[in-house]
Protein chains: 2
Amino acid sequence: MIAELSERDNQILQAVIEEFIATAEPVGSRNLTKKYALGVSPATVRNVMADLEELGLLTQPHTSAGRQPTDLAYRYYVDHLMGSRGVRPDERRRLRRHLAGASRDDVEELLDTTCRALSSMAHLVGLVAAPRFEARVFRHIDFVLLRPGRVLVVLVSESGAVYHRPVDAPEVDDQARLDRMGEYLNHLLEGLPLSAVRDRILAEMESERAAVDALFHRALTLGDRALRSADRSGDSGVFVGDPGPLLEQPEFHSPDRLKGILETFEKKGLLIKLLDRACAEPGVQVVIGRENPSEDLQGCSVVVSNYGSGDRVLGSLGVIGPTRMPYPRVVALVDYTARLLGETLGPG
Amino acid sequence: MIAELSERDNQILQAVIEEFIATAEPVGSRNLTKKYALGVSPATVRNVMADLEELGLLTQPHTSAGRQPTDLAYRYYVDHLMGSRGVRPDERRRLRRHLAGASRDDVEELLDTTCRALSSMAHLVGLVAAPRFEARVFRHIDFVLLRPGRVLVVLVSESGAVYHRPVDAPEVDDQARLDRMGEYLNHLLEGLPLSAVRDRILAEMESERAAVDALFHRALTLGDRALRSADRSGDSGVFVGDPGPLLEQPEFHSPDRLKGILETFEKKGLLIKLLDRACAEPGVQVVIGRENPSEDLQGCSVVVSNYGSGDRVLGSLGVIGPTRMPYPRVVALVDYTARLLGETLGPG
DNA sequence: CCTGGCACTCCCAAAGAACGAGTGCCAAAG
DNA sequence: CTTTGGCACTCGTTCTTTGGGAGTGCCAGG
């Protein structure tokens, strides 16, 4: 497709897209020549536009209206036209100031703050996925007896994140025993990445089988069970920003539209799926309109990036908004925020 | 005011309110006589309506439109007219089924589920405030060394709720010492209500002053510091339902209106303030329109109740929606849900 | 191949007309 | 004195009409 477009086509396409992003109104040929120094007449622009429409890059909402970009055009724009810009110094400062309030040791607070910062800076809805469970490093485990047969497992990662989950533990009714079990596991698992913890437990169970220490065996079983259920505890761990800014965009004035999106925000599962895409590949990913998995997100784009320290991918963050969003600014912002969060979490 | 209204006035006022709640349209005299067996002619209804308008109970959006209730009228309706009805058996079943999915031991999950249930059943936005910190009973404390000088304090309540907070602890750099400190505190505080924990700690510090055991002293200090900061951790602990149902109400079709409300939902502080009203008095509280503290909540009513077990007030829950909401149904629902949640949390 | 001109299309906003729901008031009936 | 039916009037809503404007497509000339 790139080959098919001449320099002038590109120029006009870019102008149409950027004008539409700015105004939210279909763009006419006459108007375009006035605002952009294209060096050609409206008639020529019309011809080019007609070509671009044939290629599926532009549409007119009705005959004799201006043109507006299709999802395909946005894709092309993001991939080939917009280039990349940095984050303006004053924006950097604003972002840093936003994040300065959060403690480095309270991961939840930090992520929440980051999410709010993203929302406010992009004027879109921020999304932040907490570091993936397995990407973290074991620090401490603790068993608390809730009532006979029911134990709360509290797991702390190196960066200070806390997971907790009640699990069934028949025949356990003594906190002292639980304390010893915890002690044992703490020594066993010290410093292990959580991704390796379960394997370690299983391996230990294997070797421990001969030595019939019931206590240790039970500790291992309990640890295993807790981790198994912690794996699927992805429901939490997604932060979604204030949807307010969306309301200012004309594309969300229809209640139905809005309803769908707000409902999507509640279903955290889908958001996680969206954010997970970013974990797979490095750099900022842009998902545009129909490329989205959900019906309700038609007309929305998602800009995401993973974050981490060094080459360890921890989690991902991004924003969601109308397809008609200022991609260069947003992409730069997401990229920068991801780096910043990675750095903040890194050394811990 | 009650004395000033005759039986017929009451009847007509009630009819107007209920009709308006049902249709969201200003109610005309002719229409009213057709749908409700008032036994009087439209002209009479008009006269009564004019009186009610003079009393500030009804307004017309413009001359020659029907009447609609003012906030004052809703207040009067809630206090004197609507009576109280129970929750229909099928609704009870639905609610129970909703809540059945949540584990009794995972308080957060339980509250979240309750919030969703409220939203879905009332077709409004559910609100649930987690049990107040002080209302809980101490079960377990744990200190985890994050890095030298920085300690994560994990606190578990009897009902399985987990609080955690990083605190500064200069000169602490040894997990083993922290373990012993935790052990000491666990014994000291076992079974105490959290409201009494700090006093206990302070008392102990006093008596311990002579016996200069540095370890215990430091444990007490650390516990004190953690509790002090946990007190203000009320930011979290509020669950807000899906705002989707609001979009179906015509009063929220205006983006500005909606924006204000969504922003209010993000500011958890205000919601806590609203919910706290319920803690003060028993039974269901209704806050109508302008009675609300926030500008943005004009046109909204909040129905809240506290929940707890026995006479111990734990927290509060409720719903928020347009002033034009079916109060009898909603009040009954909130009441019943609060009882249910109280029972569920009670025995644990 | 670009350009200016021209006819045509279609949306949109304003203006007017018809409609209907509702009110207020009044005089007559109960 | 209260209730009621009648009647004139108000005012929002809806429908239609009309004109303007923005934009297009096409064509013929440079």
Side-chain angles (χ1 to χ4, degrees), chain A residues 4-13 15-20 22-70 73 250-251 253-254, chain B residues 4-13 15-20 22-70 73 250-251 253-254:
Chain A
E4 293 183 38
L5 292 190
S6 72
E7 187 49 42
R8 196 179 61 186
D9 293 347
N10 277 331
Q11 203 186 344
I12 289 178
L13 180 56
V16 171
I17 293 174
E18 289 178 358
E19 182 65 12
F20 185 73
T23 63
E25 302 276 313
V27 182
S29 56
R30 206 182 124 73
N31 223 317
L32 205 63
T33 51
K34 258 193 276 185
K35 291 206 193 172
Y36 296 75
L38 299 171
V40 291
S41 75
T44 310
V45 171
R46 279 203 288 281
N47 288 331
V48 173
M49 279 174 150
D51 293 347
L52 292 173
E53 181 163 8
E54 223 165 311
L55 286 171
L57 291 166
L58 298 179
T59 38
Q60 4 190 2
H62 55 83
T63 337
S64 93
R67 305 296 212 298
Q68 52 185 270
T70 62
E251 34 265 87
H253 280 8
S254 129
Chain B
E4 292 181 37
L5 293 189
S6 71
E7 187 51 42
R8 195 180 61 185
D9 294 346
N10 278 331
Q11 202 185 346
I12 288 178
L13 179 58
V16 171
I17 294 174
E18 290 179 357
E19 181 67 9
F20 184 72
T23 63
E25 304 275 313
V27 183
S29 56
R30 204 184 126 72
N31 222 318
L32 204 64
T33 51
K34 257 194 276 185
K35 290 205 193 171
Y36 296 75
L38 298 169
V40 290
S41 77
T44 310
V45 172
R46 280 203 287 280
N47 289 330
V48 173
M49 278 173 154
D51 293 347
L52 292 173
E53 181 164 8
E54 223 164 310
L55 287 171
L57 292 166
L58 298 180
T59 39
Q60 8 188 5
H62 55 85
T63 339
S64 92
R67 305 297 211 298
Q68 53 184 266
T70 62
E251 35 265 87
H253 280 8
S254 128

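The chains referred to below are lettered A, B, ... by the order of the sequence lines, with proteins before strands, and numbering in each begins at 1.
For the OP1/OP2 pair of D/dT24 and a distance below 4.0 Å, the side-chain nitrogens and oxygens of A/S64 include no atom meeting the criterion. In this model, the phosphate group of D/dC11 is approached by a side-chain N or O of B/T63 to a distance below 4.0 Å at OP1 or OP2. Distances shorter than 4.0 Å separate none of the side-chain N or O atoms of A/S41 from OP1 or OP2 on C/dC2. Within the 4.0 Å cut-off from OP1 or OP2 of D/dG25, at least one side-chain nitrogen or oxygen of A/R67 is found. In terms of phosphate contacts, A/N31 brings a side-chain nitrogen or oxygen within less than 4.0 Å of OP1 or OP2 of D/dG23. Put simply, A/Q68 has no side-chain N or O that comes within less than 4.0 Å of OP1 or OP2 on D/dG23.
Counting to the nearest Å, the P atom of D/dT4 and the CZ atom of B/R30 are 15 Å from each other. If you take CD1 of B/I12 and P of C/dT23, they are 12 Å apart, rounded to a whole angstrom. Going from atom CE of B/M49 over to atom C1' of D/dT3 covers 17 Å, rounded to whole Å. Rounded to a whole Å, the NE2 atom of B/H62 is 5 Å from the P atom of D/dG12. Summarising the geometry, the separation between CD on B/E19 and P on C/dG22 is reported as 10 Å, rounded to the nearest angstrom. C/dG22 atom C1' lies 17 Å from atom CG of B/L52, rounded to whole Å. B/E53 has its CD atom 16 Å from the C1' atom of C/dC25, to the nearest Å. In this entry the distance linking CZ of A/R8 with P of C/dT3 reads 8 Å, nearest Å.
Judged by distance alone with a 3.5 Å cut-off, no donor-acceptor contact links the side chain of A/R46 to the base of C/dG4.
The heavy-atom pair separating B/P61 from B/Q68 by the smallest distance is CG-NE2, 3.6 Å.
For A/V40, taking side-chain heavy atoms from C-beta onward, the closest of the listed nucleotides C/dG24, D/dT3, C/dT3 is C/dT3. Considering only side-chain atoms of A/T44, the nucleotide from C/dG24, D/dC11, C/dT3 that sits closest is C/dT3.
The closest donor-acceptor contact from the side chain of B/D9 to the backbone of B/S6 lies under 3.5 Å. With hydrogens and angles disregarded, a donor-acceptor distance shorter than 3.5 Å links the side chain of B/T70 to the backbone of B/G56.
Residue contacts shown for B/A43 include a base, since a base heavy atom lies under 4.0 Å away.
When each of A/V27 and B/N47 is assigned the nucleotide of DNA chain D bearing its nearest heavy atom, the one mapping closer to the 5' terminus is B/N47. Each of B/G39 and A/G28 lies near DNA chain D, and the nucleotide nearest B/G39 is the one positioned closer to the 5' end.
The closest side-chain donor-acceptor pair between B/Y36 and B/E19 falls under 3.5 angstrom.
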Exercise. Given A/T44 and A/R8, is the side-chain contact (heavy atoms from CB on, under 4.5 Å) satisfied, shown in steps?
Worked result: CA-CA 10 Å; A/T44 310; A/R8 196 179 61 186; 3.6 Å; yes
